[in-house]
Amino acid sequence: MRPAREFFARDSVDLGPLLLGAVISHDTDEGRVSVRLSEVEAYRGVGEDPGSHAFRGRTPRNTVMFGAAGHLYAYFTYGMHVCLNVVASEPGHSAAVLLRGGTVVEGIELARRRRAGASDRDLARGPARLAVALGVPLSASGADLLVPPFELRVLEQPLPFEAGPRTGVSGAGGGAAFPWRFWVAGEPGVSVYRRHARSHD
DNA sequence: ATACGGATTGTCT
DNA sequence: GACAATCCGTATA
C-alpha cells in the first residue's frame with residue numbers, strides 16, 4: 001500500500017521495522033529503479049540520541065529532519081558518499097530512518113549501469129550504494145517521498161525482523177546502547193556488519 | 001579562519 | 001583485516 005503521511009509521523013524506532021520489505025522507487029529521465037528494503041537504522045532527535053545528526057539541535061544540514069514526516073533527508077559523508085533517510089516523527093521533533101540496504105526489484109539494468117562493476121547482490125547493499133542505485137542526488141534532500149518522482153509502498157503485514165547495534169556509529173551513540181539497526185533475516189540485501197574504525201579501544 | 005572527523009566503500013593483503 | 005579516498009559540516013577561536 002501507499003501510506004498516508006501520518007504513517008511516517010511516528011517514532012523512528014517504531015517506523016524503522018515497518019519499512020522493511022517496503023519498496024522505494026525513483027524516476028529519472030533514464031527510467032525507474034525500485035529497491036525493496038531489507039535493512040534500516042533508526043535515529044532519534046535532540047538530546048536523546050548521541051549518534052543522530054540532530055542530537056545537538058537544528059543546523060543547516062539537518063533542518064529537514066525537523067520538518068514533515070515522509071520527506072527525504074539526504075546527507076553527504078566521507079567526502080564522497082550520499083546516504084538517504086526517511087524523516088519520521090512529527091514537526092518540531094526530529095527523527096529519521098536511514099535506508100541501509102535492499103535489493104533492486106525494478107530497473108536492474110539501469111542500476112547496473114549506475115553501479116558499474118558491482119555484482120547484482122551489491123547493487124543496493126549499503127546506504128551509499130543504495131543511493132547510487134536509485135540515482136538520488138544530494139540535492140534531492142527535502143523532497144517529499146509521497147509524490148513523484150518518488151514512490152514508497154509498504155507491506156500491509158509487517159515482516160519479522162531482527163535488531164542489533166547500529167553500524168558505523170562511534171562514541172556514545174554506538175554499541176549496544178542503541179540497538180536500532182533492523183533487518184530481515186536471510187535477505188541478500190543486508191549489508192555486511194563492519195564495526196566502526198574508531199570503536200576499537 | 002582553522003581543525004577535525006565522519007550514519008562508507010573499494011582495494012589490497 | 002587494514003587503509004586510503006576525499007570534502008563538507010560543525011565546533012572552536
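So you know, we letter chains A, B, ... as the sequences are listed, proteins then strands, and number each from 1.
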So, is the end of the A:R10 side chain (NZ or CZ) under 6.0 Å from the ring centre of A:F7 and within 45° of the ring's axis? yes
Give the rounded distance in Å between these two atoms: CZ of A:R166 and C1' of B:dT8. 16 Å
Proximal nucleotide (of C:dC7, C:dT6, B:dA7) relative to the A:Y43 side chain: B:dA7
Roughly how many Å apart are C:dT6 and B:dT2, using the P atom of each and rounding to a whole number? 23 Å
Taking the six-membered ring for Trp, are A:H53 and A:Y75 parallel (under 30°), tilted (30 to 60°) or perpendicular (over 60°)? perpendicular
Base, sugar-phosphate, or nothing: which does A:R181 touch, judged by heavy atoms less than 4.0 Å apart? nothing
Give A:G126 one of three labels, base, sugar-phosphate or nothing, depending on what nucleic acid heavy atoms sit under 4.0 Å from its own. sugar-phosphate
Quick note, A:R61 side chain, CB onward, closest among C:dC7, C:dG9, C:dA11 is C:dG9
Rounded to whole angstrom units, what separation is found between the CG atom of A:L138 and the P atom of C:dG9? 8 Å
Flag for A:S34-A:E106: side-chain donor and acceptor within less than 3.5 Å: yes
N or O in side chain of A:T59 less than 4.0 angstrom from C:dT10 OP1/OP2: yes
Expressed in angstrom and rounded to an integer, what is the separation of A:F55 atom CZ from C:dT10 atom C1'? 14 Å
Atom CZ of A:R115 to atom P of B:dT8: distance rounded to whole Å? 14 Å
Side-chain contact check for A:P127: nearest option of B:dT9, B:dA7, C:dA11 is B:dT9
Taking CG from A:N85 and P from B:dT8, how many angstroms apart are they, rounded to a whole number? 11 Å
With the side chain of A:H81 defined as its heavy atoms from C-beta on, choose the nearest nucleotide among B:dT8, B:dG10, C:dT10. B:dT8
Less than 3.5 Å between a donor and an acceptor, one on the side chain of A:Y78 and one on the base of C:dA5, is that the case here? no
Could you check which nucleotide pairs with C:dA5 in any of the strands shown, counting Watson-Crick or G-U wobble with both distances under 3.5 Å? B:dT8
Taking C:dC3 as the reference, what is the distance to B:dG5 when you measure between their C1' atoms (whole Å, please)? 16 Å
Interatomic distance, A:N62 CG vs C:dG9 P [rounded to whole Å]: 11 Å
Residue-phosphate contact under 4.0 Å: A:S170 side-chain N/O, B:dA7 OP1/OP2: no
Between A:R100 and B:dT8, does any side-chain N or O lie under 4.0 Å from OP1 or OP2? yes
Using a 3.5 Å distance criterion without hydrogens, assess whether the side chain of A:R181 forms a donor-acceptor pair with backbone atoms of A:P165. no
Starting at atom CZ of A:R58, determine the distance to atom P of C:dT10, rounded to an integer number of angstrom. 12 Å
Gap between atom CD of A:E41 and atom OG of A:S191 - 0.5 Å precision: 8.0 Å
Indicate whether OP1 or OP2 belonging to B:dG10 is found under 4.0 Å from a side-chain N or O atom of A:R129. yes
Within 45 degrees of the axis of the six-membered ring of A:F178 and under 6.0 Å from its centre: does A:R44 put its NZ or CZ there? no
Ranking C:dC8, C:dT10, B:dT9 by distance to the side chain of A:F76, first place goes to C:dC8
Checking B:dG6, B:dA7, B:dT9 against the side chain of A:L98 (C-beta onward), the nearest is B:dA7
Could you state the CG-P distance from A:D122 to B:dT11, rounded to the nearest angstrom? 11 Å
